[in-house]
Amino acid sequence: MEQKLSIYNTLTRKKELFEPLHAPHVGMYVCGPTVYGDGHLGHARPAITFDLLFRYLTHIGYKVRYVRNITDVGHLENDADEGEDKIAKKARLEQLEPMEVVQYYTNRYHKAMDALNVLSPSIEPHASGHIIEQIEAIKEILKSGYAYESQGSVYFDVEKYNKDYDYGILSHRNIEEMLNTTRDLDGQDEKRNKVDFALWKKAASEHIMRWPSPWSDGFPGWHIECSTMSIRYLGKEFDIHGGGLDLMFPHHECEIAQNTAMEKQRVVRYWMHNNMITVNGQKMGKSLGNFITLDEFFTGSHPMLVQAYSPMTVRFFILQAHYRSTVDFSNEALQAAEKSLERLFDAYGRIDKIPASTVSSVDVKGIRQKCYDALNDDLNSAIVIAHLCEAGTAINSACAGSVTLAQEDIDELKAVFDTFLFSILGVRNDATNANNGSNEAFGKAVDLLLDIRQKAKENKDWATSDQIRKELSDAGFEIKDGKDGAEWKLK
């Protein structure tokens, strides 16, 4: 059955049937990291959300060009038009070249994405590699009349733009009120209005990262980077632009204004935003003292953590909630996610041990379409996981003998796990890969010991049987005896 995806368009504030501009090709742009520090759990959520979208669009037959940028210049302190470039500041403090800082944190970001099983994008452009294109884009905006030069810098004229278009179209902010409350501040700096934003900034003498332009030696503003790179690689109209909810204003609002000023048309057709991860109801951030890096999650080295959490536990924790809902961090929530994921892995590991019957006493054929229906309804990964748990219950019941399954239904359950848990949700069974898959010799050795133990039990050699069980338990294995033999897993 052909799958039709409905997604919530932040621009129109409603769910819309996704119809790509150039089907079967899809252009998708997601604002990537600003590489000046270690990523935290909040940074993982957009990466995982749009990885899910990328995987699902590809699964249902689209050819996706997925562009995720690297911001390595022009992102000033407090996301403002004043202050020091965050990368340049770190480079100065550590006596490094700015691009050394960029490369170091880009490598760390890629390592974290690999651990979380986030697929690489089709294209990963760097803002610093597209300075010429950004200068040309600024020239176009100046030509359109929606920007002005001031003391070597160039600013977008929000008030003039708002007379012809709607500057608050995405965030639904009252821009007229913002303009009225900031007029008394005009003339105190280079801007005509405080709400105007920088397209190009003249570099101070001590500023490290600088390029020549028609206006000054300087650097691009943060917002123009994404407008330029998205249009460069996806064209003057493309399908999806995504990112975290915190980017809706001002970043994405500014992008829409820039795009419209340049192209005189709607460039992005669907805007998607994932919600925040909070700690005790507050956004995670360094200034609030609740910042936990991904490495600290993986090692358990932060004081707020009671244990280490594997990358797949973190991924599963994020996918357990719908991407537009807020997720509040707690150790209890992560531990519950860990146990839930372990139960799914255990159920999957038992599929081959289900005794095939001639007839099924439980209906499992509808689970696949239920999972598709959930994903088609605005990527509801939480409902998909609920249906996978339903499948896991059927598997466990069949192994216990309380229900029967025909071979075709056993095969279908395995296919459902392979398709939705592993392929589309992107959850990787690291324990299986380490112990039963990639290292077959390891698994065979454990199975051999359990076979020896079983024969000892048959011969009533209880001492040998108990010794093997104890030694395996002491070595970190959990042994569970069943009517069809023993099962094992790492504790």
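These values consider heavy atoms only, across backbone and side chains, with no hydrogens, waters or symmetry-generated copies.
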Between the SG atom in C31 and the NE2 atom in H273, the distance rounded to the nearest 0.5 Å is 8.0 Å
Rounded to the nearest 0.5 Å, what separation is found between the OG atom of S381 and the CD1 atom of I318?
10.0 Å
Side-chain heavy-atom pair I256, W271 within 4.5 angstrom cut-off:
yes
pair Q307-Q335: side-chain heavy atoms closer than 4.5 Å
yes
Nearest heavy-atom contact between K457 and S465 is CG-OG, 3.1 Å
Under a 4.0 Å threshold between the charged nitrogen and the carboxylate oxygen, would D378 count as salt-bridged to K15?
no
Taking all non-hydrogen atoms of both residues into account, name the closest pair between S340 and C389 and its distance.
OG-SG, 4.3 Å
Look at E253 together with R173 and state whether they make a salt bridge at an N to O cut-off of under 4.0 Å.
no
Worked check of side-chain hydrogen bond (donor to acceptor under 3.5 Å, both in side chains) between Y56 and N376:
CA-CA 9 Å; Y56 188 57; N376 291 335; 2.6 Å; yes
Do F156 and D196 touch side chain to side chain, with heavy atoms closer than 4.5 Å?
no
Ion pair D466/K470, N-O distance below 4.0 Å
no
Can you tell me if S397 uses its side chain to pair, donor with acceptor, with the backbone of A394 under 3.5 Å?
no
Hey, what do you get for CG (L234) to NE2 (H241), rounding to the nearest 0.5 Å?
9.0 Å
Quick one: does R92's side chain have a donor or acceptor within less than 3.5 Å of a partner on I208's backbone?
no
Residues, nucleotides or ligands: over 12 heavy atoms within 6.0 Å of I132 CD1:
no
Looking at CZ of R453 and CZ of R469, how far apart are the two atoms once the value is rounded to the nearest 0.5 Å?
5.0 Å
Look at the rings of F422 and F417 and say which category their plane angle falls in: under 30° parallel, 30 to 60° tilted, over 60° perpendicular.
tilted
Which of parallel (below 30°), tilted (30 to 60°) and perpendicular (above 60°) describes F18 and Y62?
perpendicular
Tell me, do N117 and M312 make a side-chain contact under 4.5 Å, heavy atoms counted?
yes
Side-chain donor-acceptor pair present, N259, E255, cut-off under 3.5 Å:
no
Set out, in order, the CA-CA distance, both residues' side-chain angles and the distance that settles side chain to side chain contact (heavy atoms under 4.5 Å, CB included) for I224 and I138, then state yes or no.
CA-CA 8 Å; I224 194 65; I138 295 168; 4.2 Å; yes
If the plane angle is over 60° it's perpendicular, under 30° parallel, otherwise tilted; pick one for Y309 and F297.
tilted
Quick check, are the ring centers of F420 and Y372 under 6.0 angstrom apart?
yes
Minimum-distance pair of heavy atoms, taken over all atoms of A347 and G392:
CB-CA, 3.8 Å
Do you know which two heavy atoms are closest between G300 and L305, and how far apart they sit?
CA-CD1, 4.1 Å
Among R210, K201, K202, which one satisfies side-chain contact (heavy atoms from CB on, under 4.5 Å) with F219?
K201
Using atom types as modelled and distance alone, determine if a side-chain donor or acceptor of N69 lies under 3.5 Å from a backbone N or O of P125.
no
Solution key, residues 44-54 side-chain donor-acceptor pairs under 3.5 Å, sequence neighbours excluded:
unit_1	atom_1	unit_2	atom_2	d
R45	NH1	N275	O	3.2
R45	NH1	M276	O	3.3
R45	NH1	S325	O	2.6
R45	NH2	H322	O	2.8
R45	NH2	Y323	O	3.4
R45	NH2	S325	O	2.9
T49	OG1	R45	O	2.8
D51	OD1	L119	N	2.9
D51	OD2	R55	NE	2.8
D51	OD2	R315	NH1	3.2
D51	OD2	R315	NH2	2.7

Pair F197 + H223: ring centers closer than 6.0 Å:
yes
When you compare the side chain of F329 with that of L334, does any pair of heavy atoms fall below 4.5 Å?
yes
Below 4.0 angstrom, N of the basic side chain to O of the carboxylate: do D295 and R108 qualify?
yes
Do you know the tightest heavy-atom contact between T58 and V64?
OG1-CG2, 3.9 Å
Using the rule given for side chain to side chain contact (heavy atoms under 4.5 Å, CB included), can you reason through K90 versus Y105, listing the C-alpha separation, both sets of side-chain angles and the distance that settles it, and then say yes or no?
CA-CA 11 Å; K90 188 169 283 289; Y105 285 107; 3.4 Å; yes
S120 and E124: side-chain donor and acceptor closer than 3.5 Å?
no
Could you tell me if the side chain of I70 sits less than 4.5 Å from the side chain of T106, heavy atoms only?
yes
Before giving the answer on side chain to side chain contact (heavy atoms under 4.5 Å, CB included), spell out for Q3 and H59 the whole-Å C-alpha distance, their side-chain angles and the decisive distance to 0.1 Å.
CA-CA 10 Å; Q3 306 302 328; H59 174 78; over 6 Å; no
Are Q103 and E100 close enough that some pair of their side-chain heavy atoms sits under 4.5 Å apart?
no
Are more than 12 heavy atoms from other residues, nucleotides or ligands located less than 6.0 Å from atom CD of E94?
yes
Quick one: does N380's side chain get under 4.5 Å of L375's, heavy atoms only?
no
When you measure from the centre of the six-membered ring of Y233, is the NZ or CZ of R65 under 6.0 Å away and within 45° of the axis?
no
Atom pair CD (E225) and NE2 (H251), whose distance is rounded to the nearest 0.5 Å
7.5 Å
For the residue pair D239 and G27, what are the closest heavy atoms and their distance?
OD2-N, 2.9 Å
Atom pair CD (Q467) and CG (L472), whose distance is rounded to the nearest 0.5 Å
10.5 Å
Could you tell me whether the side chains of R350 and N396 share a donor-acceptor contact shorter than 3.5 Å?
yes
Sidechain-backbone polar pair: E296 side chain, M304 backbone, donor-acceptor under 3.5 Å:
no
